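Chain identifiers are assigned alphabetically (A, B, ...) following the order of the sequence lines, protein sequences preceding nucleic acid strands; residue numbering begins at 1 within each chain. Owing to the predicted nature of the structure, the values given are computational and were not obtained by experimental measurement.
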Amino acid sequence: MIINNTLNTAQIQAIKYTTGPCLVIAGAGSGKTRVITHKIAYLIEQGFSAKNIAAITFTNKAANEMQERLSKLINKNDLKQLTVCTFHALGLKILRQEAEYIGFKPNFSIFSSEDVYSVLQEILSTTDKSLIKSIAHCIGNYKNNLYTPDMALNNAHSDIEIQACKIYPIYLQTLKAYQAVDFDDLIKLPCELLNNNNQLQIKWQNKLRYILVDEYQDTNLCQYNLLKLLVGNPLEKMPLFTAVGDDDQAIYGWRGASSDNLKKLSQDFKALQVIKLEQNYRSSNNILKAANTLIKNNTKIFDKQLWSEHGSGDEVCVYAMNDEEHEAEGIIFRISAHRFERKTAWEDYAILYRSNYQSRVLEQILRRENISYTLSGGQSFFEKAEIKDICAYLRLIYNTNDDPAFIRAATTPKKGIGSTTLTKLGEFAGTRKASLFDACFMSMLEDVINSQNLFSLRDFVSFINDLSDKAKTEPADILLKELMNYMCYESYLYDTFDEKTARNKWENVTEFILWLKSKGTNSTKLEQDISFENQDNLGNKSKNLIELTQMIALMTILQGKDKQNSGIQLSTLHAAKGLEFSHVFLMGIEEGILPFDNGEKQSDIEEERRLMYVGVTRAKKSLHLSWCKQRKKGGQKTSIDPSRFLSEMNMNPLEKEKINPKVYLDMMKEMLL
DNA sequence: GAAAATAGCTTTTTT
DNA sequence: AGCTATTTTC
């Protein structure tokens with residue numbers, strides 16, 4: 001029996017309601033992941049087949065975590081059959097299977113934002129970075145709001161929007177020609193597909209009979225649309241799903257998420273059962289009181305009041321510091337002293353801030369004091385140039401129409417193919433509506449490109465062609481070896497970078513190749529999910545290069561590479577969502593930083609308040625808030641006001657800092673020696 | 001005139 | 001820390 005007395009009444013209610021649409025308003029620290037995982041186990045217990053249940057998350061990290069926790073509740077076989085993935089991975093799965101219905105080959109490529117950027121650069125033939133970015137942003141909006149080019153034009157206001165509308169259809173054509181989709185397409189295209197093809201819609205509805213959505217407040221219009229298409233029309237049948245979310249933690253409005261989707265849910269599904277989880281298992285009550293008082297200032301969709309059985313705990317404190325350096329030293333001093341006093345570990349402390357650059361001062365001082373720390377966020381493994389270089393080859397082998405991959409692979413490392421050759425090739429291919437790759441095989445090309453460059457070009461494409469053929473049958477590790485042999489990537493690195501960077505980059509590459517090879521031999525659940533065939537292969541059949549390449553596009557977290565969470569945790573407020581720490585220091589609680597103020601356009605104060613709320617509710621045992629009276633701006637010091645959120649929380653922002661942190665930091669060091 | 005150094009400035013981030 | 005604009009240097 002999966003339901004036991006460690007669950008509270010509301011949680012049990014949320015788990016047991018399986019006969020209709022369900023919305024769980026899950027306050028911070030109220031055990032929301034627990035409810036989702038237990039509900040899945042309960043559904044299986046009640047006779048749902050695991051292969052008909054899907055749990056949808058927003059990040060790969062969350063999906064992995066969910067699987068991890070499920071592995072303790074349900075048996076291996078069921079876990080294997082479950083769909084636990086991100087919205088995008090689900091969309092991809094649908095698209096790979098149904099590609100033919102929208103005029104794509106199943107081996108279409110997935111373009112990253114960088115690829116999208118270069119495509120737009122090409123279309124617009126400009127180098128104006130901000131223009132390209134704004135257009136990309138507009139097009140992303142159109143897709144997320146399911147605008148057709150015509151609808152977009154009707155809603156266009158500024159010059160940039162009008163220009164974006166003109167580009168939009170061209171952009172769509174270009175991607176089609178490349179046999180590529182962008183990230184937004186992974187949701188948008190399945191929506192269009194299921195909307196236009198009733199049979200397919202029924203097919204997928206039958207496959208995914210029960211859907212659970214995590215972080216529902218972060219869905220955008222398009223994602224909500226996909227959900228609706230998958231659960232079916234409430235007038236025809238009883239939709240079966242559970243959406244779990246918290247309107248107070250909606251902090252991604254700026255990228256299209258709309259917590260209004262919570263409201264829409266009760267309008268669109270009259271039978272919706274709303275269950276609130278208000279008991280908090282994380283924080284002591286002083287922290288919760290601060291959080292509740294703060295968030296009361298927002299207009300709410302669902303009212304809720306967090307409480308816990310953990311007693312009142314430590315007082316929440318505020319420190320007014322002189323400037324950013326004083327603040328950083330003050331925080332680090334306090335952590336040192338606190339740790340010494342309470343015999344806690346560095347890992348128990350987190351310093352959270354609004355913007356990445358605020359970590360700089362902290363890092364300087366932490367390095368100076370030799371205190372270990374972990375900076376969350378930063379560049380992901382797959383964003384590194386050296387990994388993208390390798391991926392460009394893999395992508396090209398996989399889909400030879402992928403022009404951005406062609407350009408990257410043809411030019412890195414240098415192999416006698418330069419910008420002149422590429423421009424000529426581009427023009428040649430453009431007039432013949434062929435991909436760069438196919439154009440290389442055309443005989444007319446001899447009139448356009450001089451023989452030496454043409455030789456390099458044909459040498460390159462024949463190699464890719466050869467590998468592309470072999471990739472269908474031969475095992476991945478042999479082909480990878482051949483590829484690396486051809487690329488001479490190591491010597492390229494040592495030729496172009498200084499020794500230290502080259503060594504570092506080469507290490508990343510070897511790590512990547514090793515990882516790829518390991519994926520080639522043991523396939524895990526996630527990959528089977530992403531892979532569009534062989535759902536039911538049980539053996540350890542090693543993956544060929546084609547299959548491997550498919551999954552790379554969506555993998556952003558290197559699974560084997562657990563980042564060590566040692567030392568003080570430094571993180572932005574956004575990146576800290578979903579995490580918890582014993583002792584939390586929120587810095588820069590100032591007007592201009594939190595709430596953020598960009599001078600020009602008014603930022604959404606309610607969203608900023610929710611961001612503060614997210615920060616406050618990360619703390620389990622103690623919470624420390626700090627702000628600077630002065631900050632360096634353009635060479636001179638400017639005076640700063642404490643954040644309005646401090647007074648909203650009934651905190652006195654002017655509590656005096658009586659000690660000089662620097663002196664005490666030195667004293668602590670002596671004590672510890 | 002081009003490369004190198006330096007000063008100034010950052011919203012938030014995932015797929 | 002990384003990116004850009006500007007200044008300095010050869």
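In this structure, of B/dT12, C/dC3, B/dT15, it is B/dT15 that holds the atom nearest to the side chain of A/Phe183. Considering only side-chain atoms of A/Asn356, the nucleotide from B/dT10, B/dT15, B/dT12 that sits closest is B/dT12. Proximity note for A/Lys129 (side chain, C-beta onward) versus C/dA1, B/dT13, C/dC3: the nearest is C/dC3.
Salt-bridge check for A/Arg360 with A/Glu363: failed, with every basic side-chain N at 4.0 Å or more from each acidic carboxylate O.
Between A/Arg360 and B/dG8, a side-chain N or O to OP1/OP2 separation shorter than 4.0 Å is absent. Neither OP1 nor OP2 of B/dT15 sits under 4.0 Å from any side-chain N or O of A/Ser112.
Between A/Asp184 and the options A/Val116, A/Ile139, A/Asn144, a side-chain contact (heavy atoms from CB on, under 4.5 Å) holds for only A/Asn144.
Computed from coordinates, the A/Lys61 NZ to B/dT14 P distance equals 9 Å when rounded to whole Å. The NE2-P distance, from A/His137 to B/dT13, rounds to 15 Å in whole Å. Per the geometry, CG belonging to A/Asn64 stands 14 Å off P belonging to B/dT14, to the nearest Å. A straight line from CD of A/Gln223 to P of B/dT14 spans 15 Å, rounded to a whole angstrom. In this structure, NZ of A/Lys133 is placed 12 Å from C1' of B/dT10, rounded to the nearest angstrom. A/Leu226 has its CG atom 14 Å from the C1' atom of B/dT15, to the nearest Å. Residue A/Arg367 contributes atom CZ, which lies 9 Å from atom C1' of C/dA1 at whole-angstrom precision. Across the protein-nucleic acid pair, A/Leu366 atom CG and C/dA1 atom P stand 12 Å apart, rounded to whole Å.
A donor-acceptor pair shorter than 3.5 Å cannot be found between the side chains of A/Glu65 and A/Gln67. Side-chain N/O atoms of A/Asp115 and A/Ser112 include a donor and acceptor closer than 3.5 Å.
Between the CG atom in A/Leu175 and the CD1 atom in A/Ile110 there is a gap of 12.0 Å [rounded to 0.5 Å].
Scanning DNA chain B for stems, defined as runs of 3 or more consecutive Watson-Crick or G-U wobble pairs whose donor-acceptor distances all fall under 3.5 Å, gives the following ranges: B:1-10 with C:1-10.
Within the structure, the salt bridge (charged side-chain N to carboxylate O under 4.0 Å, His left out) test picks out the following pairs touching residues 251-262 of chain A (sequence neighbours left out): A/Asp260-A/Lys263.
Among the protein residues, A/Tyr357 comes within range of the nucleic acid bases, having at least one heavy atom under 4.0 Å from a base atom. Nucleic acid contact for A/Arg631: none, since no nucleic acid atom lies under 4.0 Å from a heavy atom of the residue.
Taking the ring centre of A/Phe108 as origin, the terminal cationic atom of A/Arg96 falls inside the region bounded by 6.0 Å and 45° from the ring axis.
Heavy-atom nearest nucleotides on DNA chain B were determined for A/Ile251 and for A/Phe58, and the one closer to the 5' end corresponds to A/Ile251.
Taking a centre distance below 5.5 Å and an interplanar angle below 30 degrees as the stacking criterion, A/Trp254 stacks against the six-membered base ring of B/dT12.
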